[in-house]
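One structure is given below, encoded as structure tokens.
The structure presented is a predicted model; accordingly, all values stated were derived computationally and were not measured. The first residue in the sequence is number 1, and the count goes up from there.
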Amino acid sequence: MSFKKNQPVVATTIRGVERSGTFVTTHATTKGDWVEIKPTDGKPNFKTRPSLVRPA
């Protein structure tokens, strides 16, 4: 699933906490892809697995 920049999403962090935010970018690494999310609560951006992100 691909997202557009600044698209509202709901992402589950690696620790299992659901947070809403906007999609920033995808980081492709040798260990798999990571999605960067900008949370709506003003906290720093966080990364999570693409499988844990869904449209808001």
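To the nearest 0.5 Å, the span separating CG on Asp33 from NZ on Lys47 amounts to 12.0 Å.
Residue pairs meeting the side-chain hydrogen bond (donor to acceptor under 3.5 Å, both in side chains) criterion with at least one member in residues 14-24, sequence neighbours excluded: Glu18-Arg54, Ser20-Thr40. Listed by first and then second residue, the ring-ring contact (aromatic ring centres under 6.0 Å, His included) pairs involving residues 9-33 are Phe3-Phe23 (not counting sequence neighbours). Applying the salt bridge (charged side-chain N to carboxylate O under 4.0 Å, His left out) rule to pairs touching residues 20-30 yields nothing, sequence neighbours excluded. The side-chain hydrogen bond (donor to acceptor under 3.5 Å, both in side chains) analysis of residues 4-13, with sequence neighbours excluded, yields no pairs. Residues in residues 32-56 take part in no ring-ring contact (aromatic ring centres under 6.0 Å, His included) pair, two or more places apart or across chains.
Considering only heavy atoms from C-beta on, Val9 comes within 4.5 Å of Ile37 through its side chain.
Partners of Asn45 under the side chain to side chain donor-acceptor pair (under 3.5 Å) rule, at least two apart in sequence or in another chain, are Glu36.
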